[in-house]
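Structure, as structure tokens:
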Amino acid sequence: EYSQDGISHYGLEDIGVMRIQPDVTVIAPADYIQAGTALSKTWNLPGPIYYRLGKDEKNIVQGLDGCFDTGHIQIIREGHDILFITTGSITGEVIKASEILDTYDISSTVALVANIHPPPIEDLSDIISKAHLVITVESHYITGGIGSLTAEVIAENRLDCKLIRCGIKQMPNGISGSQDYLYRINGISADILANTALKAVNDVKITNSISNQDYLYRINGISADVLA
């Protein structure tokens, strides 16, 4: 939303910085309606609160209806092929990507983590345990944010799934432009997210169609078909 103002205005590290503070509540609403709900439900919590707020007061996330519950995630869409986990205003792009995937008969769940810290561990663990493919999306460095939080939940709960983290992978090189342009060059625009998901779904299907032993034999060149 501050895309024309350069790197000093991007705020790509704030979630990572703030969520490691033990007693700081971190909230990243997806739109201005949810921001209002979050403020009304959390303003009197003990300790400091960090609100990651945008300046967009027009666009809303369809299906969210401003819902916010402290300590819980919000499920915006439901499907069985892919689980998207996201936070903040980039949620709109994730919804669009999910709708694109519908045209390929690939259904996806979109889970919004607006209450980042303390993290909604139980909700995340429960929903991830039902997924084979998890894609996190954030307008933030992929280290320290929602992608890292999701990886922590997967590792600590020994969950069996493939994780792909979509976000900012390196410090911006000084190029500025529209928000849509920056989303695109960083691989988090709706169309690129859909393409990333399509490739990942195909990879997961190929892997799951081969038993673990057969898969290891094949990639090491000692399966029957390769030896033949």
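Sequence positions, counted from 1, serve as the residue numbers for this chain.
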What's the separation between atom OG in Ser89 and atom OH in Tyr183, rounded to the nearest 0.5 Å?
4.0 Å
Interatomic distance, NZ@Lys130 vs CG@Leu83, rounded to 0.5 Å, equals 10.5 Å
Do other residues, nucleotides or ligands put more than 12 heavy atoms under 6.0 Å from Glu78 CD?
no
Set out, in order, the CA-CA distance, both residues' side-chain angles and the distance that settles side-chain contact (heavy atoms from CB on, under 4.5 Å) for Asp65 and Ile33, then state yes or no.
CA-CA 7 Å; Asp65 300 322; Ile33 300 177; over 6 Å; no
Could you tell me whether the side chain of Thr150 reaches within less than 4.5 Å of the side chain of Leu163, counting heavy atoms only?
yes
If you compare all heavy atoms of Ala131 against all heavy atoms of Cys161, which two are closest, and at what distance to 0.1 Å?
O-CB, 3.4 Å
Would the distance check show the side chain of Asn157 and the main-chain N or O of Val153 forming a donor-acceptor pair, the cut-off being under 3.5 Å?
yes
When every non-hydrogen atom of Thr86 is compared with those of Ile90, the smallest separation belongs to OG1-CG2, 3.2 Å
With sequence neighbours excluded, what pairs up with Asp191 under the salt bridge (Lys or Arg N to Asp or Glu O under 4.0 Å) test?
Arg184
Close side-chain approach of Leu101 and Ile82, heavy atoms under 4.5 Å
yes
Distance in Å, Leu39 CG paired with Asn44 CG, rounded so as to fall on 0.5 Å steps
11.5 Å
Test applied, side-chain contact (heavy atoms from CB on, under 4.5 Å); reference residue, Leu124; option that passes from Leu149, Leu159, Ile154
Leu149
Should we count OH of Tyr104 as having more than 12 external heavy atoms under 6.0 Å?
no
Are the side chains of Ile135 and Val137 in touch, meaning some heavy atoms are under 4.5 Å apart?
yes
Tell me if a side-chain donor or acceptor on Thr37 pairs with a main-chain N or O of Gly66 at a distance below 3.5 Å.
yes
Just so I know, are the side chains of Tyr32 and Ile60 near enough to count as touching, which here means a heavy-atom distance under 4.5 Å?
yes
Closest contact, heavy atoms only, Leu133 versus Ala200:
CD2-CB, 3.7 Å
Is a side-chain N or O of Arg165 found less than 3.5 angstrom from the main chain of Gly147, in a donor-acceptor match?
no
Would you say Asn115's side chain and His72's backbone share a donor-acceptor pair under 3.5 angstrom?
no
Would Ile85 and Leu198 show up in the same hydrophobic cluster when neighbours are defined by side-chain heavy atoms closer than 4.5 Å?
no
Can any side-chain N or O of Asp81 pair as donor or acceptor with the backbone N or O of Ser107 at less than 3.5 Å?
yes
Please check if the side chain of Thr136 supplies one atom and the backbone of Ile146 the other of a donor-acceptor pair under 3.5 Å.
no
Could you work out, with side-chain contact (heavy atoms from CB on, under 4.5 Å) as the rule, every residue matching Tyr50, not counting sequence neighbours?
Asp14, Met18, Val24, Val26, Arg52
Has His140 got a side-chain atom pairing as donor or acceptor with Gly16's backbone, closer than 3.5 angstrom?
yes
Is there a side-chain contact between Ile27 and His117 in this structure, where contact means two heavy atoms from C-beta onward sitting under 4.5 Å apart?
no
Would you mind telling me which of Asp69, Ile75, Ile73 makes a side-chain contact (heavy atoms from CB on, under 4.5 Å) with Asp123?
Ile73
Check whether Glu93 reaches the backbone of Ala190 with its side chain - one donor and one acceptor, N or O, closer than 3.5 Å.
yes
Tyr181 and Ser189: side chain donor to acceptor below 3.5 Å
no
Does Val17 reach the side chain of Ile20, with side-chain heavy atoms less than 4.5 Å apart?
no
Distance col, row Ile168:CD1 vs Asn186:CG, nearest 0.5 angstrom, shows 3.5 Å
Quick one: pull up NZ in Lys169 and OH in Tyr141 and give me the separation to the nearest 0.5 Å.
13.0 Å
Can you name the closest pair of heavy atoms from Leu12 and Ser139 and give their distance?
CD2-O, 4.0 Å
Grab the two heavy atoms, one from Leu193 and one from Ile188, that are nearest each other, plus how far apart they are.
CD1-O, 3.5 Å
Would you compute the distance between atom OG1 of Thr91 and atom CD of Gln74 and round it to the nearest 0.5 angstrom?
9.5 Å
Using the test salt bridge (Lys or Arg N to Asp or Glu O under 4.0 Å), find all partners of Arg19 that sit at least two apart in sequence or belong to another chain.
Glu152
Is any side-chain heavy atom of Val134 closer than 4.5 Å to one of Ile164?
no
Considering the options Asn202, Val201, Ile100, which one meets the side-chain contact (heavy atoms from CB on, under 4.5 Å) requirement together with Ile106?
Val201
Is a side-chain N or O of Asp31 found less than 3.5 angstrom from the main chain of Val61, in a donor-acceptor match?
yes
Does one side chain, of Ser98 or Arg77, offer a donor that lies under 3.5 Å from an acceptor on the other?
yes
Between Thr25 and Tyr51, is a side chain to side chain donor-acceptor pair (under 3.5 Å) present by the stated rule, with each step listed?
CA-CA 8 Å; Thr25 298; Tyr51 296 100; over 6 Å; no
If you compare all heavy atoms of Leu112 against all heavy atoms of Ala30, which two are closest, and at what distance to 0.1 Å?
CD2-CB, 3.7 Å
